[in-house]
2 protein chains.
Amino acid sequence: MRRSANRTDYQSKRRSRFIIIMSLELIDVNPISFSAKQNLFDSNENVTFPKGEKASAEYFTGTAFVNILVAQDETNCFAVGDVIFEPGCRNNWHTHPAGQILLVTDGKGYYQERNKPARSLSKGDVVVIPSNVEHWHGATPDSRFAHLAITNKTKNGTVTWLKPVTDEEYQNAAKD
Amino acid sequence: MRRSANRTDYQSKRRSRFIIIMSLELIDVNPISFSAKQNLFDSNENVTFPKGEKASAEYFTGTAFVNILVAQDETNCFAVGDVIFEPGCRNNWHTHPAGQILLVTDGKGYYQERNKPARSLSKGDVVVIPSNVEHWHGATPDSRFAHLAITNKTKNGTVTWLKPVTDEEYQNAAKD
């Protein structure tokens, strides 16, 4: 009995250790591989529009890629770009003098206006950003995020960049 | 030897018949199921933006769905719509007084300007349609096709619809 009890303790300890290891596997501290799994789950391994140039670290926290699909000089009044945010990446707080349209093509992300709760975004969502409203957008911590951006041009340009989104502001957005 | 030769002939005839049957399976004359397989192959079972209203038979040959994502009155100068063409569907010849941008999000299709060869389109392609240039767009015979359309507004409206694309014009586009 005693030996069998010992064996049971030993087996249950082994089982606990196994469960802990499996849990760590599931948490997966590598955001890219977690994102890959999620995209696979979404039947969306590849983004819709090809990756562009790496976005400036001056205006983005984390890694993003910007692909200018249609330059403003090809249209009367707007440019079209595609932005891919790697997991955890977001742009700085900023404003647009004549607004901007976001069309979400892949992944999961957030859009937040100053003093408002963050809005969760996924494939197929549309955001109409009003003129001169302070806001930011970016990926969730565990998913890549891609959107098209249609930006009106004005004689005052297209964007005014402000301060980075702090880790606290970003973590609060994830809680909203 | 003779009997073994006969057996070989008989086996090779059976093999040929089997190959013919398998080939017919692969040809698959049903465009919808072929399209479904192709989308599955593209890891893209669902379209990026949700289906809208069925498009008017007055301006489309076959079945298409139009989803107005951003109305013109929400922007200074343009509207954004998503169009899903079922296999074989195309719109009529038409022009835009201030041009249009197409952003291909799913499937395979064509864009053709009058007196030019058709251009094949797939996910990630962009078309900048000049003002007042006669053209049409639509799906290939065996794949669904979806694109966003950004259309500039003018005091003369956004589009002038012309004649349907004939079956001959469509079949020639598929040959280009």
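Naming convention: chains lettered A, B, ... in sequence-line order (proteins, then strands); numbering from 1 in each chain. Everything numeric in this text was worked out from a predicted model, so none of it was measured.
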Response to the item:
Okay, B:D82 and chain A: the region with an atom under 4.5 Å from a heavy atom over there is neither

Worksheet item: Cluster question for you: counting only ILVMFWY and a side-chain heavy-atom cut-off of under 4.5 Å, with indirect links fine, are B:V165 and B:I129 together?
Response: no

Fill in: Side chain, backbone, both or neither of B:V80 within contact of chain A (heavy atoms, under 4.5 Å)
side chain

Discussion item. Ignoring hydrogens, what is the shortest heavy-atom contact between B:G124 and A:P50? Give both atom names and the distance.
Written reply: O-CD, 4.4 Å

Worksheet item: Got B:F78 and A:I101 here, is their nearest side-chain heavy-atom distance under 4.5 Å?
Response: yes

Worksheet item: Looking at B:D125 and A:F49, what are the two nearest heavy atoms and their distance?
Response: O-CE2, 4.2 Å

Fill in: Side chain / backbone / both / neither for A:L103 at chain B, heavy atoms under 4.5 Å
both

Worksheet item: Are A:V127 and A:Y170 connected in the hydrophobic side-chain network, where two residues link if heavy atoms are under 4.5 Å apart?
Response: no

Response to the item:
What one should report as the nearest heavy-atom pair of B:E74 and A:V128 is OE1-CG2, 3.6 Å

Discussion item. Do B:Y111 and B:V104 land in one hydrophobic cluster if side-chain heavy atoms of ILVMFWY residues count as linked below 4.5 Å?
Written reply: yes

Item to complete: Check whether A:N67 gets within reach of chain B through its side chain, its backbone, both or neither, counting any heavy atom under 4.5 Å.
Response: neither

Discussion item. Quick check for you: to the nearest 0.5 Å, what is the distance between A:I150 atom CD1 and B:L148 atom CG?
Written reply: 7.5 Å

Discussion item. Restricting to non-hydrogen atoms, name the atom on A:T48 and the atom on B:T48 that form the minimum distance, rounded to 0.1 Å.
Written reply: OG1-OG1, 4.5 Å

Discussion item. With clusters defined by side-chain heavy atoms of hydrophobic residues (ILVMFWY) lying less than 4.5 Å apart, directly or transitively, does A:V126 cluster with A:F85?
Written reply: no

Practice prompt. Say whether A:V66 and A:W161 are linked into one hydrophobic cluster, either directly or through other cluster members, by side-chain heavy-atom distances under 4.5 angstrom.
Written response: yes

Worksheet item: So which part of B:S131 gets closer than 4.5 Å to some heavy atom of chain A, the side chain, the backbone, both or neither?
Response: neither

